[in-house]
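On a predicted model such as this, the values are computed, not experimentally measured, just so you know. Only this structure's heavy atoms are used, side chains among them; waters, hydrogens and symmetry mates stay out. Whatever order the structure lists ligands and atoms in, that order sets their numbers, starting from 1.
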Amino acid sequence: MKASKAIVKCLERENVHTLFGYPGGAVLPLYEALRESELRHILVRNEQSLVHYASGYARETGEVGVCIATSGPGATNTITGIATAYLDSIPVVIITGQVNIELIGTDAFQEADIKGATEPFTKHNYLIKDANDIPRIFKEAFYLANSGRKGPVLIDIPRNIQEENIKFYNCDNVNIIGYQPTLIGHKGQIKRAITKIKSAQRPVLYVGGGVILAKAQKELLQFAHNTRIPVINSFMGIGCFPHDDSLYAGIVGSHGYTYSSKIIERTDLLICIGARMADRATGKFEAINSKLEYIHIDIDPAEIGKKIDIMIPIVGDAKLILEELVHKDLDMDTSLWLEEVNAIKETYPISMKMQEGCGYINPKELVNTLSEKLNDSACLVSDVGQNQIWAALYYKIIGTRSYFTSGGLGTMAYSLPAAAGVKVANPDRQVICIMGDGSFQMCLGELAVIREQNIGIKIVLFNNNKLGMVKGLQNSCYGKNHNFGVDLNCNIDFTKIAEAYGIRGYKVEDIESFKHVIDEVIEDDEPCLIQCLIDPEFCTF
Ligand SMILES: Cc1ncc(C[n+]2csc(CCOP(=O)(O)OP(=O)(O)O)c2C)c(N)n1
């Protein structure tokens, strides 16, 4: 069998139905094999969006997202997407073409050492030198991507290797020396944790994206309710605990709620689950509460104690550990602490106010409106910038709603392709993408994919003619008249851009018109773009 056909067969054996790609000379044999297959191939418009599509697909399905790029510039264009998936632990397999094996190292046409380049931010990567390794390497790559701490795995395949003939064999087992993720928590540490939790006066559960990746939301809810411990989440953890639950205590971090930080100030024990103690979220914990003690549950031992001294580490799968914890006798009386938490929440309420601006939309109110209008299973994908902060802080998680963003790398232009990936994976889900005009201009060519594939996402574009987040940072670091290099002032009519791609475009300047448009479009399955005018002076800072 041709090696390229063997690759397709490996993908089919991994239950891949859809992949995202952008071809070139070094993947021609693979594309010929794909042409003859039943796999759905979605041609994106720029490899910079490629991994984000696969990432959205993976986040929605819990399965590995797959994408293909050619060698050289195609492969290097995927780098930011790979690093984005790496920092957020998203399982994707990236297949890249490479120049013929005898040309490697000669600066051949379209040669780039993508294995070397992605070494620091792939979970693992391969350069296939023997076509007979294809079944084993694909099996390993999928297993690595979606086990233990999940993440991207890259497979680089020289063109001439794709053309060889091999004897295909089914590879069903994986045996990777030194790779055996710990899933079950250490009994002794769990015992210590239980004693510690029972003796705590003011405990808080701090939960991150790892809970979502482990599909442990139900167990978390049960554990919180059994123990009556309040729950705070990171940005990546938004979606793992319902906001209408009385134990919900908000989002922490430099862009989180004030009340959540105030709660952390008073906490005596933080039980961290599937959260990597990122600087943006927990960087100030030691400063605001030096007496805080920590239990840290994480699938990746390297995360535990990386930034904060942890008292009780538990390595393992969040779902399995929580399942164990919910069966322990942890009947606690936290009523006094919950009273205090509620009082803090009341003292520092979430503000809907913005600086005054006429003829503009208050973005907080806008996200709030979306929260009211969307159904209980809607998925909101936000970009990076002020729009990310507003979306995260004001989108209400109820039912099975989710909120996806580029949390770790903070990659602009993530949301549109990632939202499209979510919708491709689950066409019945309401999928909203919120982004700024800066990010949109980095990836607007992807509108062609959305039109062509009829991907019914609703794009809510915050148009403030500014790189708002950077402008805000300049304001807070240097003062108001120190803005430089942040103006996007050329009055682009984004509605017309959408229409040029055959996508309905709307322009709204006040919240009532926004409500009207959302009512009109929300139930249909057509893509659309709603351009919302935001006051350029509005800042999150
Ligand atoms: C690829 C990339 N380049 C640069 C940045 C730095 N950055 C963070 S937010 C931001 C501004 C985003 O502007 P826009 O998309 O208009 O959103 P807004 O902040 O106005 O909501 C920039 C430049 C980044 N995060 N990612």
Side-chain angles (χ1 to χ4, degrees), residues 46-52 55 76-88 121 235-236 253-255 278-280 354-355 357 360-367 370 380-395 403-419 432-447 459-478 482-494 497 508 514 529-541:
N46 190 325
E47 296 93 345
Q48 287 174 13
S49 297
L50 188 57
V51 187
H52 302 329
S55 159
T76 53
N77 262 351
T78 65
I79 281 180
T80 304
I82 296 173
T84 306
Y86 183 72
L87 280 198
D88 291 341
F121 39 78
F235 264 41
M236 287 299 290
S254 47
H255 297 287
D279 51 326
R280 205 188 202 196
M354 297 288 311
Q355 302 96 311
Y360 293 107
I361 293 188
N362 174 341
K364 298 180 183 177
E365 238 174 80
L366 187 154
V367 178
L370 277 176
L380 188 106
V381 187
S382 89
D383 217 278
V384 167
Q386 299 201 123
N387 60 88
Q388 179 187 45
I389 313 299
W390 290 320
L393 298 187
Y394 297 91
Y395 183 53
Y403 167 74
F404 296 153
T405 194
S406 161
L409 200 67
T411 304
M412 284 172 71
Y414 172 81
S415 63
L416 197 151
I432 309 289
C433 157
I434 287 192
M435 63 194 317
D437 48 332
S439 299
F440 183 66
Q441 289 179 73
M442 284 184 173
C443 65
L444 58 82
E446 302 307 323
L447 288 180
I459 304 164
V460 176
L461 179 69
F462 284 5
N463 184 7
N464 57 1
N465 284 314
K466 294 273 183 283
L467 297 174
M469 182 75 155
V470 183
K471 175 184 150 72
L473 285 169
Q474 290 174 343
N475 286 353
S476 72
C477 290
Y478 308 109
H482 285 253
N483 290 144
F484 178 72
V486 290
D487 287 332
L488 300 170
N489 281 335
C490 54
N491 292 324
I492 298 167
D493 190 341
F494 292 106
I497 290 185
V508 291
F514 179 72
L529 180 141
I530 310 168
Q531 183 192 173
C532 309
L533 300 194
I534 307 287
D535 188 333
E537 297 309 319
F538 280 172
C539 278
T540 48
F541 299 94

Looking at ligand 1, does any of its N/O atoms fall within less than 3.5 Å of an N/O of [X]?
X	result
Met469	yes
Asn387	yes
Gly468	yes
Ser439	yes
Leu488	no
Met442	no

Can you list the ligand 1 atoms lying under 4.0 Å from a non-hydrogen atom of [X]?
X	result
Asn464	20 (O)
Gln386	18 (P), 19 (O), 21 (O)
Gly385	9 (S), 19 (O)
Asp437	16 (O)

Measure from the side-chain N and O atoms of [X] to the backbone N and O of [Y], and report whether any donor-acceptor pair falls under 3.5 Å.
X	Y	answer
Ser439	Met412	no
Asn463	Asp437	no
Gln48	Ala413	no
Gln474	Phe484	yes

At what distance, to the nearest 0.5 angstrom, does [atom1] of [X] lie from [atom2] of [Y]?
X	Y	atom1	atom2	answer
Trp390	Asn387	CH2	CG	8.0 Å
Asp535	Phe462	CG	CZ	13.0 Å
Cys443	Asn46	SG	CG	9.0 Å

Look at [atom] and say which protein heavy atom is nearest, naming residue and atom and giving the distance to 0.1 Å.
atom	value
atom 11 (C) of ligand 1	Leu467 CB, 3.8 Å
atom 25 (N) of ligand 1	Gly410 O, 2.8 Å
atom 14 (P) of ligand 1	Gly438 N, 3.6 Å

Side chain to side chain donor-acceptor pair (under 3.5 Å) pairs, two or more places apart, involving residues 410-419:
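Checked against side chain to side chain donor-acceptor pair (under 3.5 Å) - neighbours excluded - the pairs reaching residues 410-419 are Ser55-Tyr414, Arg59-Tyr414, Thr84-Thr411, Asp383-Ser415.
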Mind checking whether Phe235 and His255 have parallel, tilted or perpendicular rings, split at 30° and 60°?
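Aromatic pair Phe235/His255 classed tilted.
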How are the rings of Tyr403 and Tyr395 set to each other: parallel, tilted or perpendicular (split at 30° and 60°)?
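Because their plane-to-plane angle lies in the 30° to 60° range, the rings of Tyr403 and Tyr395 count as tilted.
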Under 4.0 angstrom from ligand 1, any heavy atom of Val384?
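Yes, Val384 has a heavy atom closer than 4.0 Å to ligand 1.
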Please compare Gln441, Met412, Lys466 and report which has the shortest non-hydrogen distance to atom 5 (C) of ligand 1.
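It is Met412 whose heavy atom sits nearest to atom 5 (C) of ligand 1.
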